[in-house]
**Q** 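Pasting a structure below so you can have a look.
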Amino acid sequence: MDSVMEQIAEIENTAEQIVEHAQEQKADIERWIQNERNLFDQETEQTLQEEISKIRAQAKEKMDTIMEEQRQNNRKYLEDLRKEYMENHEAYAREILEHITEV
């Protein structure tokens, strides 16, 4: 009977050791998973920030191009207006004077 009790105690002791070892492994695995998750999050965040930076740079470049084109168009329009005025300002002045004197 003592032998059976000793075997049961030994089995119980072994079972406790197995459970303790499993809990240690579980904690190790949880730490590993958390580390992997953190690494994934960092890599994803870095990739996301790089993509955002690229998109912003492309948008800025496109906006700068559009703005420069608009500036050139405005300069040309103003130059055309100046040219029109220089060529026809006397005719415009005569026409205005005629309208004023008609009244």
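Values below: all heavy atoms of this structure, side chains included; hydrogens, waters and symmetry mates excluded. Sequence positions, counted from 1, serve as the residue numbers for this chain. The model shown is predicted, which means the values in this text are computed figures rather than measured ones.
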**Q** Would you tabulate the side-chain donor-acceptor contacts of residues 13-25 under 3.5 Å, counting partners in other chains and residues two or more places apart, or write 'none'?
**A**
from : atom 1 : to  : atom 2 : distance (Å)
T14  : OG1    : E10 : O      : 2.8
H21  : NE2    : Q25 : NE2    : 3.2

**Q** Suppose clustering is done on Ile, Leu, Val, Met, Phe, Trp and Tyr with side-chain heavy atoms closer than 4.5 Å. Which residues sit in the same group as W32?
**A** I29, I33

**Q** Under the salt bridge (Lys or Arg N to Asp or Glu O under 4.0 Å) definition, can you give me all pairs with a residue in residues 31-44, not counting sequence neighbours?
**A** D28-R31

**Q** Could you pull out all donor-acceptor pairs under 3.5 Å where a side-chain atom in residues 81-94 meets a protein atom, sequence neighbours excluded?
**A**
from : atom 1 : to  : atom 2 : distance (Å)
E84  : OE2    : N88 : ND2    : 2.8
E84  : OE2    : Y92 : OH     : 2.6
N88  : ND2    : E84 : O      : 3.3
H89  : ND1    : Y85 : O      : 3.2
H89  : ND1    : M86 : O      : 3.2

**Q** Is L39 isolated, or which residues cluster with it under the ILVMFWY side-chain rule of less than 4.5 Å, directly or via members?
**A** none

**Q** Donor-acceptor pairs under 3.5 Å, side chain of residues 48-57 to any protein atom, not counting sequence neighbours: which ones?
**A**
from : atom 1 : to  : atom 2 : distance (Å)
Q49  : NE2    : E45 : OE2    : 2.9
E50  : OE2    : Q46 : NE2    : 3.3
S53  : OG     : Q49 : O      : 3.0

**Q** Without hydrogens or angle criteria, can the side chains of N38 and Q42 be said to hold a donor-acceptor pair below 3.5 Å?
**A** no

**Q** Cut-off 3.5 Å, no hydrogens considered: what does the side-chain donor-acceptor table look like for residues 59-70, sequence neighbours left out?
**A**
from : atom 1 : to  : atom 2 : distance (Å)
K60  : NZ     : D64 : OD2    : 2.8
T65  : OG1    : E61 : O      : 2.9
E68  : OE1    : R71 : NH1    : 3.1
E68  : OE2    : Q72 : NE2    : 3.4
Q70  : NE2    : N74 : OD1    : 3.2

